Student: 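Can you keep this structure in mind? I'll have questions shortly.
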Amino acid sequence: MADDRIITALDVHSLEDMEHLVTLLGDSISFYKVGMELFYSVGPDAVRYLKSQGKHVFLDLKLHDIPNTVGQSLRALTRLGADLMTIHSCGGRDMMAAAAAAVADEAAKLNIKRPRLLAVTILTSIDETAWQEIGGKCNISDTVRGLAKMAKEAGIDGTVSSPYEAREIRAMNGSDFLIVTPGIRPSFAVANDQKRFTTPAQALTDGASHLVIGRPITQAADPVEAVRKITAEIRDIHY
Ligand code: C5P
């Protein structure tokens, strides 16, 4: 049985490449991330295909616009059948509240399970210098904390976070809050371009609820064996 805490990133550009991976991984993976690369390449069919295969979909499009536009866009993505979606918390409290309300309302109209919404706090590619340059007033970690707190208050279900932020957000926002962390490298994998990464077991121990893992699975010589090893690494870890 697949471990629902592992979300495999489908960073490919065609339906054929996506279907190849999903077929190859079979029952070993139940949850997939469709990000901007795949969505802008093939469109909604990426989500429709995954749903037709009975998979959960993390549609990571990181919406950032005025409240009404984000709300209406999330309604459309809810109708597509995404299970998890992302917005930028820097869109502000009203935008996050509008997003949460729109998704809940659309799901109720369709009589489907409400998709969960995650907020990006500050992109991990932003360092202190870049943060000051775009007008940041206090340091990044204080800002991340403030944004994660505001996200919860606005009705958002979780954050996409660096594994290094998981412990603090978990302590602050409680046990039901979702914390989805990329930047994961199983003990057997190479780092690729990830600079600050941690193992699946460590991220879960620190409070992550889900792990986004791409290349260690998708570019492994034997992807199914890679998933088996990761699943074994985390089997006994529960926050
Ligand atoms: O292949 P890899 O495991 O590095 O893929 C991780 C996924 O998470 C990719 O889709 C990547 O874009 C995304 N991501 C990340 N680091 C962040 C935010 C997102 O690796 N800080």
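The structure displayed is predicted, hence computed values, not measured ones. As the structure lists them, so they are numbered: ligands from 1, and atoms in each ligand from 1. Hydrogens, waters and symmetry mates play no part in the numbers below; they use all other heavy atoms, side chains included.
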Student: I need the Ser73 OG to Asp65 CG distance, nearest 0.5 Å.
Tutor: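 With rounding to 0.5 Å, OG (Ser73) is 7.0 Å from CG (Asp65).
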Student: Closer than 4.0 angstrom, basic N to acidic O: yes or no for Asp157 and Arg114?
Tutor: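 Yes, Asp157 and Arg114 are salt-bridged.
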Student: Give a yes or no on whether a salt bridge exists between Lys149 and Glu153, defined as a side-chain N under 4.0 angstrom from a carboxylate O.
Tutor: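 Result for this pair is yes, salt bridge flagged.
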Student: Would you call the rings of His88 and His64 parallel, tilted or perpendicular, taking 30° and 60° as the class edges?
Tutor: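 If you compare the ring of His88 with that of His64, the planes turn out tilted.
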Student: Could you tell me, atom by atom, which parts of ligand 1 come under 4.0 Å of a heavy atom of Ala9?
Tutor: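 Close to Ala9: 10 (O).
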Student: Looking only at heavy atoms of Asn192, does any of them come nearer than 4.0 Å to an atom of ligand 1?
Tutor: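 It does not; every heavy atom stays at 4.0 Å or beyond.
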Student: One thing to verify: whether Lys55 and Asp83 come together as a salt bridge, which I'm taking to mean a side-chain N less than 4.0 angstrom from a carboxylate O.
Tutor: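 The answer is no: the pair does not qualify as a salt bridge.
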Student: Against heavy atoms of Pro216, which atoms of ligand 1 measure under 4.0 Å?
Tutor: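 Selected atoms, number and element: 3 (O).
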Student: Any salt bridge linking Asp193 with Arg215? Criterion: basic side-chain nitrogen under 4.0 Å from a carboxylate oxygen.
Tutor: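 Judged by the 4.0 Å cut-off on N to carboxylate O distance, Asp193 and Arg215 do form a salt bridge.
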Student: Does at least one non-hydrogen atom of Gly35 fall below 4.0 angstrom from an atom of ligand 1?
Tutor: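 In this structure, Gly35 fails to qualify as a contact of ligand 1 - no heavy atom is under 4.0 Å.
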Student: When rounded to the nearest 0.5 angstrom, what is the spacing between CD in Glu225 and CD1 in Ile217?
Tutor: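 Between atom CD of Glu225 and atom CD1 of Ile217 there are 12.0 Å.
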Student: Quick one: does Arg185 get a heavy atom under 4.0 Å from ligand 1?
Tutor: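 Checking ligand 1 against Arg185, which is what was asked, there is a heavy-atom contact under 4.0 Å.
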Student: Go through it in stages, so that I can follow the logic: the residues are His56 and Tyr32, the test is ring pair (Phe, Tyr, Trp, His ring centres under 6.0 Å), and I'd like the CA-CA distance, side-chain angles, deciding distance and then a yes or no.
Tutor: CA-CA 6 Å; His56 299 304; Tyr32 285 98; over 10 Å; no
Student: Counting from 1, what ligand 1 atoms have a heavy atom of Arg215 closer than 4.0 Å?
Tutor: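 Near Arg215, the atoms of ligand 1 are 1 (O), 2 (P), 3 (O), 4 (O).
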Student: What is the nearest protein non-hydrogen atom to atom 14 (N) of ligand 1, stated with its residue, atom name and distance?
Tutor: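 Going atom by atom, the protein heavy atom closest to atom 14 (N) of ligand 1 ends up being Pro182 CB, 3.6 Å.
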Student: Please state which protein non-hydrogen atom is closest to atom 11 (C) of ligand 1 and give its distance, to 0.1 Å?
Tutor: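 Protein heavy atom with the smallest distance to atom 11 (C) of ligand 1: Lys33 NZ, 4.1 Å.
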Student: To the nearest 0.5 angstrom, please state how far the CG atom of Leu84 sits from the NE2 atom of His210.
Tutor: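 So the gap between those two atoms works out to 6.5 Å.
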Student: Test of understanding: given a 4.0 Å heavy-atom threshold, classify the contact between Ser162 and ligand 1 as side chain, backbone, both, or neither.
Tutor: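 The answer is neither; Ser162 stays 4.0 Å or more away.
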Student: Students should be able to answer this: which protein heavy-atom is nearest to atom 6 (C) of ligand 1, and at what distance?
Tutor: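 Answer for atom 6 (C) of ligand 1: Gln194 NE2, 4.0 Å.
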Student: With a cut-off of 4.0 Å, which atoms of ligand 1 are near a heavy atom of Gly214?
Tutor: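 Here the atoms of ligand 1 in question are 1 (O), 2 (P), 3 (O), 5 (O).
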Student: Who's the nearest protein heavy-atom neighbour of atom 7 (C) of ligand 1, and how far?
Tutor: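 Result: Val212 CG1, 3.8 Å.
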Student: What is the nearest protein non-hydrogen atom to atom 9 (C) of ligand 1, stated with its residue, atom name and distance?
Tutor: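 Looking only at protein heavy atoms, the one closest to atom 9 (C) of ligand 1 is Asp11 OD2, 3.2 Å.
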Student: In this structure, does ligand 1 have an atom that sits under 4.0 Å from one of the heavy atoms of Gln219?
Tutor: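 It does not, in that no heavy atom of Gln219 comes within the 4.0 Å cut-off of ligand 1.
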Student: What's the shortest distance from atom 21 (N) of ligand 1 to any protein heavy atom, and which residue and atom give it?
Tutor: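 Nearest neighbour among protein heavy atoms for atom 21 (N) of ligand 1, to 0.1 Å: Thr124 OG1, 2.4 Å.
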Student: Can you tell whether the side chains of Lys152 and Asp176 come within less than 4.0 Å, N to carboxylate O?
Tutor: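 A salt bridge is absent here (no side-chain N lies under 4.0 Å from a carboxylate O).
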